[in-house]
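Quick note on labels: first sequence line is chain A, next is B, and so on, each numbered from 1.
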Amino acid sequence: MFSKEKSKNIFLIILITVLLTMVIFTLSAVAGEAEKDLNFYVVSHGGPADPFWGVVIKGVNDAAKQFNVKATYLGPEKFSIQKMVDLLESAIAGKPDGIVATIVNFEALDEPLRRAIKQGIPVITINTSDPRPAAEKIPYLCFIGSDEYLMGVYSARRMLEAFKPNKPKRAVIAIHEPGWAGAEVRARGMKDVYDEAGVPSEKLDTTVDPTKSYEILRSYFQKYPDTEAINTVGPMSAHPAIKFLEEEKLTNKVKMGAEDLTTIIVDAIKRGTCEFTIVQQQYLQGYLAVEFLSLYNRYGLCPVESVITGPSIVDKNNVDLVVKMVEQGYQ
Amino acid sequence: MVKKINRFMNFVRWPEFGALLGFLSIFLLFSIISTNFLSLVNFSAVFTVAAELGIISIGINYLVISGEFDLSVGAIFAVTPMVLALLVNTGISPYIAFIISLFCALLIGFLNGLITLRARIPSFVTTLGMMMFWRGILLAVSKGFPISYSSNNKVLLNILNSRVLFSGMGVRMSSFWYLIIAVIFSIILVRTRYGNWVFATGGSKEVAKAMGINIERVKMINFLISSLLAGFAGCVSLARFNIVDPTLGSGLELEALSAVVIGGTFLSGGYGSIIGTFIGALLIGMVRSGLVLAGAPAYWYTAFIGIILIISVAINAKIRSMVLGE
Amino acid sequence: MDNNNLVVMKNIYKKFGRFMALKNVDFTVPKQNIVGLLGDNGAGKSTLVKILVGLLHPLQGDIYFEGQKVDFKSPKDARDHGIEIVYQDLALIKIMNIFRNFFLGREVVSKKSYFPFLDINKMKIVAKEALDNIGIKIRSSDEPVSMLSGGEQQAIAIGRIYYFGAKLLILDEPTAALSIKESNRVLDLVLEAKDRGLSIIFITHNIHHVYPVADKLTILSRGEKLGDLEKKNVTPEYIISAITHGKLD
């Protein structure tokens with residue numbers, strides 16, 4: 001019917017029109033929501049792919065609905081301080097009524113956040129705080145999160161308890177995101193406890209790639225077959241470790257501890273592969289941040305200093321209670 | 001009527017046409033959707049992001065026009081400021097450290113060129129391998145931690161990237177560097193003999209060689225340009241954050257290539273424009289910012305940039321066939 | 001020494017590994033002459049010419065250009081002396097525009113500023129005029145070369161050569177892919193080049209391509225020269241037979 005040249009043109013025009021329509025449609029749908037009276041941005045270093053942040057996002061969205069505000073979660077696809085700051089800059093340009101941020105690196109975030117605060121935008125931090133003394137740190141309203149150091153301490157102590165009256169011959173601390181300050185602080189908590197108890201311990205970078213993680217663990221255990229304890233700092237290091245222990249049939253010999261909560265970790269606790277996990281109830285971090293910003297904007301009320309959401313231990317004893325919450329995305 | 005169409009065709013033939021069209025339509029789109037889009041703060045945010053991406057893209061553009069690729073620019077973007085920060089932290093003057101770090105960038109580019117041209121390995125492969133190598137070095141040296149620039153002498157950093165206009169809200173030095181670099185390199189490409197050789201080498205290296213052009217020298221110079229600009233952009237970025245973290249710039253090589261393609265450069269070589277790339281990087285910066293202001297959650301970004309990239313490539317392919325009269 | 005001959009090649013031998021590509025070949029191109037270099041595929045025509053312009057080096061033999069002994073190091077060296085080769089597909093870059101192609105490698109620089117910027121206006125005008133001179137009318141020299149027909153593209157390559165003052169033009173199968181009308185146009189250009197004082201070496205394996213314009217015909221067969229013939233003394237059929245049978249009778 002049409003010549004080859006003409007049908008190629010028509011196809012191209014249709015393709016472009018379809019794509020453009022998709023873009024316009026979605027954008028207007030999204031922007032249409034901006035009719036609420038308060039608009040917040042949650043800027044975090046965690047991306048959409050990490051199940052940990054999925055729970056925080058649920059907290060943010062639930063609170064937004066509850067308090068009738070608009071809250072948008074922004075995070076880079078892959079961990080990148082630079083991209084997070086870029087997102088923050090755009091968020092500030094949007095003149096929001098409040099910003100929630102994670103202080104993944106205080107140097108990089110110092111200037112933009114101070115600028116936002118100076119412009120009158122209230123800032124609350126969650127999950128990772130500014131470690132500097134009060135005189136130097138960013139003057140945000142408050143911090144909502146868990147005490148990372150304590151999480152590490154609880155992890156190591158609970159692990160040692162599982163071995164009583166003996167001690168594990170060796171412990172490895174698997175970190176999937178080296179450079180993330182939170183992981184490093186937790187690891188320090190663990191190491192301090194292990195050092196005090198006289199247990200040799202070492203950090204291991206297992207990367208965020210599950211396949212690589214597995215291989216790295218396998219090489220480590222080949223090198224140090226007397227390792228009896230694995231501590232992981234998050235689901236991305238925990239899941240490959242669970243798989244590794246079960247497939248290599250090491251579950252009787254090696255005890256594992258996790259941090260944060262997912263269905264996989266919960267099942268592993270039930271099966272006995274994983275001894276315990278330390279939770280920081282990150283749902284609260286997202287939910288409370290939005291709640292506090294709403295209350296602050298409307299009535300000028302906000303808690304001060306820190307609101308601590310963890311650590312809290314989940315093991316075989318209380319796992320059933322927690323299971324349902326994981327499935328629904330609250331834990 | 002025919003005359004009007006012909007006049008229009010003259011515009012279409014500009015390599016920048018597609019990029020300009022795309023830029024204006026998306027600009028319009030976001031202006032309508034978000035109230036805060038048309039503001040100085042937003043423009044400076046867009047320019048801040050676009051400047052760092054754009055400077056790298058301009059460098060890569062030279063290589064692509066001459067028929068080669070450089071996938072190591074993201075790594076160079078991180079390695080160069082890391083060298084700068086490490087040197088300054090040991091007490092060396094920031095200016096000297098800056099020169100040394102740029103020299104390191106040039107060295108990496110030289111290696112890229114040497115391996116590609118002497119060992120006759122496709123540049124795609126060479127620079128991919130180099131990228132992985134330098135990322136590994138970054139991780140090993142930094143052990144995963146960000147490296148902080150700890151000198152009290154901030155003059156160098158201020159020259160590179162401080163905010164200059166409209167106290168606190170405004171435009172950064174990087175925007176000016178971006179503009180200057182775009183103008184200089186555009187002039188070199190379009191108005192010098194060397195520029196003609198770059199086009200020729202990419203258009204057909206056999207013909208260029210037959211006409212007496214030293215294609216190996218042209219390509220080598222372009223490898224150096226690419227790595228130098230990537231290194232410079234990295235230092236500009238350091239000036240903004242005061243830290244270098246090992247993940248800095250990862251994925252940037254693909255973004256830079258996207259800016260280049262959106263700007264109208266053919267991946268097959270021989271055709272392209274620096275101004276187009278300038279617009280392309282600005283467009284990418286604008287999309288990121290526009291999506292934030294429109295309230296789109298984080299999941300959407302790569303998808304959107306992907307769609308825009310595909311549309312650009314489709315438009316450019318159409319322009320290509322019109323230009324080549326196929 | 002020799003005032004009538006532009007090019008004299010004597011006793012040329014060339015070996016590729018163990019394969020003798022050229023054996024004791026003499027080749028002469030008189031001034032203002034069109035010489036057809038003929039032979040079947042693999043006869044050594046391209047090799048001989050590559051040796052002349054410095055792309056290859058002979059095992060043995062001497063080359064004289066304009067009476068002087070020469071040994072060109074590269075095609076650029078040869079071009080600087082006024083020898084140009086026009087390959088069928090290797091003359092122009094399709095994606096670049098006409099004036100950039102015209103001045104490729106010999107770009108015109110504006111004398112006005114410190115930096116050697118291109119004098120784009122001058123190049124556009126000169127290119128357009130040069131083409132006009134040889135009868136090719138174009139709308140603007142800013143258009144990509146791909147917009148022109150095969151014959152017109154060939155003409156650009158040739159017109160470029162006059163402009164830069166060549167003395168010897170080497171054409172390698174210039175009309176092989178062209179239509180009859182376009183072939184004729186190229187042949188007209190070749191005759192015009194001769195009128196302007198150039199000599200032309202016209203390489204082809206098909207006598208019909210060159211017969212109309214040739215003055216002299218040199219035939220190669222399997223690396224050796226069969227002979228030199230004056231066009232007016234022979235017919236195309238005679239040439240074909242000579243090439244096919246590998247000898248003159």
Greatest number of heavy atom pairs closer than 4.5 Å to chain A - which of N42(B), L248(B), I243(B), V46(B):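 The candidate making the most pairs under 4.5 Å is I243(B).
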With sequence neighbours excluded, residues passing salt bridge (Lys or Arg N to Asp or Glu O under 4.0 Å) with D245(B):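 Here no residue qualifies.
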Non-neighbouring partners of E77(A) that pass salt bridge (Lys or Arg N to Asp or Glu O under 4.0 Å), sequence neighbours left out: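 By the salt bridge (Lys or Arg N to Asp or Glu O under 4.0 Å) rule, E77(A) matches no residue at all.
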Nearest 0.5 Å, what's the [atom1]-[atom2] distance between [X] and [Y]?
X	Y	atom1	atom2	result
K83(A)	E255(B)	NZ	CD	4.5 Å
D205(A)	L139(B)	CG	CG	6.0 Å
S237(B)	D86(A)	OG	CG	8.5 Å
S250(B)	Q82(A)	OG	CD	9.0 Å
E89(A)	S289(B)	CD	OG	10.0 Å

Might you point out which heavy atoms bring [X] and [Y] nearest each other, and give the distance in Å?
X	Y	answer
Y41(A)	L293(B)	OH-CA, 3.6 Å
G295(B)	K70(A)	O-NZ, 3.4 Å
T247(B)	S80(A)	OG1-CA, 3.8 Å

So for [X], is it side chain, backbone, both, or neither that comes closer than 4.5 Å to the heavy atoms of chain B?
X	result
K118(A)	neither
I57(A)	side chain
T72(A)	side chain

Residue among P112(A), A108(A), A93(A) with most heavy-atom pairs under 4.5 Å to chain B: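 Top option by heavy-atom pairs under 4.5 Å: A93(A).
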K95(A) vs V41(B), side-chain contact (heavy atoms from CB on, under 4.5 Å): CA-CA, chis, key distance, verdict: CA-CA 9 Å; K95(A) 299 208 199 348; V41(B) 187; 4.0 Å; yes
L88(A), L87(A), V43(A), I92(A) screened by side-chain contact (heavy atoms from CB on, under 4.5 Å) with V292(B), the one that passes: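 Per the side-chain contact (heavy atoms from CB on, under 4.5 Å) rule, the option paired with V292(B) is L87(A), out of L88(A), L87(A), V43(A), I92(A).
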Side chain / backbone / both / neither for I310(B) at chain A, heavy atoms under 4.5 Å: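 When you check distances to chain A, only side chain atoms of I310(B) fall under 4.5 Å.
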